[in-house]
Protein chains: 2
Amino acid sequence: MLEKNGSVTLLDVARAAGVSIKTASRALNNAPELRKATGDHVREVMQQLGYQPNELARGLKSRRSATIAMIAPNLADPFTAAAVQAVQDVAREHRYVVILASSGGDAALELSEVEIMARRQIDGLILIAATSGKNTLKGMLAKDVPVVVFDEPVRGEEVDTITVTNRKGARQATEHLLGHGHRRILAVGARPYLYTCSERVAGYRAAMRSAGAEPVELLVKHENELTSEALAPYLSGPCKVEAIIGLNWVCTMGVLRGLNTFKKRLGEEFAFISFDDFELAEMIPPGLTVVRQPTRELGRQAASLLFERIAEKSHGEARKVVLSTEFVIRGSCGCTPT
Amino acid sequence: MLEKNGSVTLLDVARAAGVSIKTASRALNNAPELRKATGDHVREVMQQLGYQPNELARGLKSRRSATIAMIAPNLADPFTAAAVQAVQDVAREHRYVVILASSGGDAALELSEVEIMARRQIDGLILIAATSGKNTLKGMLAKDVPVVVFDEPVRGEEVDTITVTNRKGARQATEHLLGHGHRRILAVGARPYLYTCSERVAGYRAAMRSAGAEPVELLVKHENELTSEALAPYLSGPCKVEAIIGLNWVCTMGVLRGLNTFKKRLGEEFAFISFDDFELAEMIPPGLTVVRQPTRELGRQAASLLFERIAEKSHGEARKVVLSTEFVIRGSCGCTPT
DNA sequence: ATGAAAGCGCTAACAT
DNA sequence: ATGTTAGCGCTTTCAT
């Protein structure tokens, strides 16, 4: 283990192996034009010296950093966490590494994160957009860095996009509640300017209108406005509703907290459906009926798509992948759990 | 926007500003020895040209990549996800970026991840170890890369470590259940070779022994062995217990699923306490009593500690930070919820 | 206070 | 099949 500066360089390897640095480089990259014996020998020397290639140097020269980035509003959200895990798995298969950043749902912060990634010469970006954001991606796209937009499409840019059937899922859930005879159904959403939210609201409205029922909506600008006080009017008094739909995980949490605060019981006083499934949804009695998104699959496909782009380097048509949500009936909608 | 190769270099900036590249470099780094006017002028030119520094090049020369890595067994675990979010927040304050990787709880995979990070010249590492792992960190420490070990100490290495009062927390929970008059209390854990698990088991045993009660333990090698079938003997029949402790989030999930499968009700037939709190714990009737870990605080402190090390570059004594768990009484232990 | 030159560790042209 | 020579974009001596 000869160590000069704390680390062995490719030149050290070359010298020790009695070859030129380029040959060493070829050995490192398993270049086909190398005689097998030569390559093996060099690689053995690498082993012996404990050589570790410097990815920074590699990236600087070759302009590929073997790094992708993923930016999401909130990393602690289980939807995001599951997607991140899936993306990471795919990245590893490609011998890539993933830099993670959260935008906090703030467009300005998001933009600055994207910029930071650009400086790191990332080879690709997966974005769960904080807004249906206009020009967050300008910089990336100008530099020809592939981008896959996830969950939340971005307007005005031709970008690969992967989403779910938001509208249909919400419509289905609403129709189900209507089918149970409910008319006063509350939809609870946050950040209505988001595509996901607005699509889900649209699905909800469509179902309500078709049934001749009047939509009742509580759409807050920011998740933290989703307090028990905000919900109170709908849980008792003249505005009281019969059923509630939580339009995403955070909203579902808010509603459940609210119900808990006022000691309201699911299934009895209120029917409930959540957009977003999660661990334990079945454990909350009488079991939460949910519109499930194929989270891991979303992450996996987003990453796969991204790596295809990275590999081909072609600028084909932007692909739009739409995965289906799944309606999972448990008890909270009013169905008797089997 | 003069663009040559797709990107503006510092040299372009220097030329456009009529200064040397070194001066431009100083302006970029806000070097104090620069005349303010010069610096401002250069920075303005940077703006105009849309200059973005190349972090790879910077890192190559300066040997700091402005990157830290975090490796955890499972990124989808809410405990981890919350910690990740906290780490990311701190990293941003330091204008650092974080690379995330999951080890899947596999020591070999973990080692390879660490190696990958080394090649990227990360400036620091936060590790939630997959095992109380011996030499995972050898490479990092040899290269003088600061490491903070998180949640799970690593034996045989003098490393900054940040943990919680596992033993005390488990003991407290057990004593509480004993206080309710229960004698047959089951402890459910996974990967007993882990420090966290063994400490919690130790706390449990200590409490049981002090009370003259016989420990009943279901300790599986891997989480996925925690099936309903594995739990069945303890939920009915001659082995039936009165109370259960889930020794971490995954175990709690397993137990709750098991109880659900067999239609057993918490609080009535079984008292229950979970090590690890999570969203919704209060919504699972009658409210889950938990030993809460200060997750975000753990993440925050781990990151802060790491950045101190990165900054000082000193090799002071390894610091051992131990944060307190908090016993949160809700209903599932048998206490009447207020 | 500013500049010139050398090189971080690697890969991409060209040789040979 | 292998070696030579330039750089990638930046920071760092050492001058000035």
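These numbers come from a predicted model, not from an experiment.
A residue-by-residue look at B/Ser25 and A/Arg35 shows that A/Arg35 has its nearest nucleotide of DNA chain D further toward the 5' end. Nearest-nucleotide assignment on DNA chain C puts the 5′-proximal partner with B/Lys61, out of A/Arg58 and B/Lys61. Where B/Leu34 and B/Ala57 each meet DNA chain C at their nearest nucleotide, the meeting point lying more 5' is that of B/Leu34. Closest-nucleotide positions on DNA chain D for A/Pro32 and A/Lys22 were compared, and the one nearer the 5' end corresponds to A/Pro32.
Distances shorter than 4.0 Å separate none of the side-chain N or O atoms of B/Ser62 from OP1 or OP2 on C/dC8. The shortest distance between the side-chain N/O atoms of A/Thr23 and the OP1/OP2 oxygens of D/dT2 is not below 4.0 Å. Using a 4.0 Å cut-off, some side-chain N or O of B/Ser20 falls inside it from OP1 or OP2 of C/dG3. A sub-4.0 Å separation between OP1 or OP2 of C/dC8 and a side-chain N or O of A/Asn54 is absent.
Counting heavy atoms of neighbouring residues, nucleotides and ligands inside a 6.0 Å radius, atom CD of B/Glu317 does not exceed 12 of them.
Closest approach to the B/Leu10 side chain among D/dT11, C/dG9, C/dC10 is made by D/dT11 (side chain taken as heavy atoms from C-beta onward).
Going from atom OH of B/Tyr51 over to atom P of D/dG9 covers 10 Å, rounded to whole Å. Distance, A/His41 NE2 to D/dA1 P: 18 Å, rounded to whole Å. If you take CG of A/Leu56 and C1' of C/dG7, they are 15 Å apart, rounded to a whole angstrom. One atom, CG of B/Asp12, and another, C1' of D/dC8, lie 13 Å apart when rounded to the nearest Å. D/dC10 atom P lies 14 Å from atom CZ of A/Arg120, rounded to whole Å. The CG-P distance, from A/Leu28 to C/dC10, rounds to 8 Å in whole Å. Rounded to an integer number of Å, the gap from CD1 of B/Ile21 to P of D/dT13 is 16 Å. Atoms CG (A/Leu11) and P (C/dC10) sit 9 Å apart, rounded to a whole Å.
The backbone N or O of A/Arg300 sits less than 3.5 Å from a side-chain atom of A/Ser304, completing a donor-acceptor pair.
A salt bridge links B/Arg296 with B/Asp89: the distance from a Lys NZ or Arg NE/NH1/NH2 to an Asp or Glu carboxylate oxygen falls below 4.0 Å.
Closest non-hydrogen pair, A/Ala107 versus A/Thr131, comes out as CB-CG2, 3.7 Å.
Evaluation of atom-type donor-acceptor distances gives a pair under 3.5 Å for the side chain of B/Arg26 against the base of C/dG3.
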Hey, mind stepping through A/Val97 and B/Met117 against side-chain contact (heavy atoms from CB on, under 4.5 Å) and telling me if it holds?
-> CA-CA 9 Å; A/Val97 123; B/Met117 299 312 166; 4.2 Å; yes
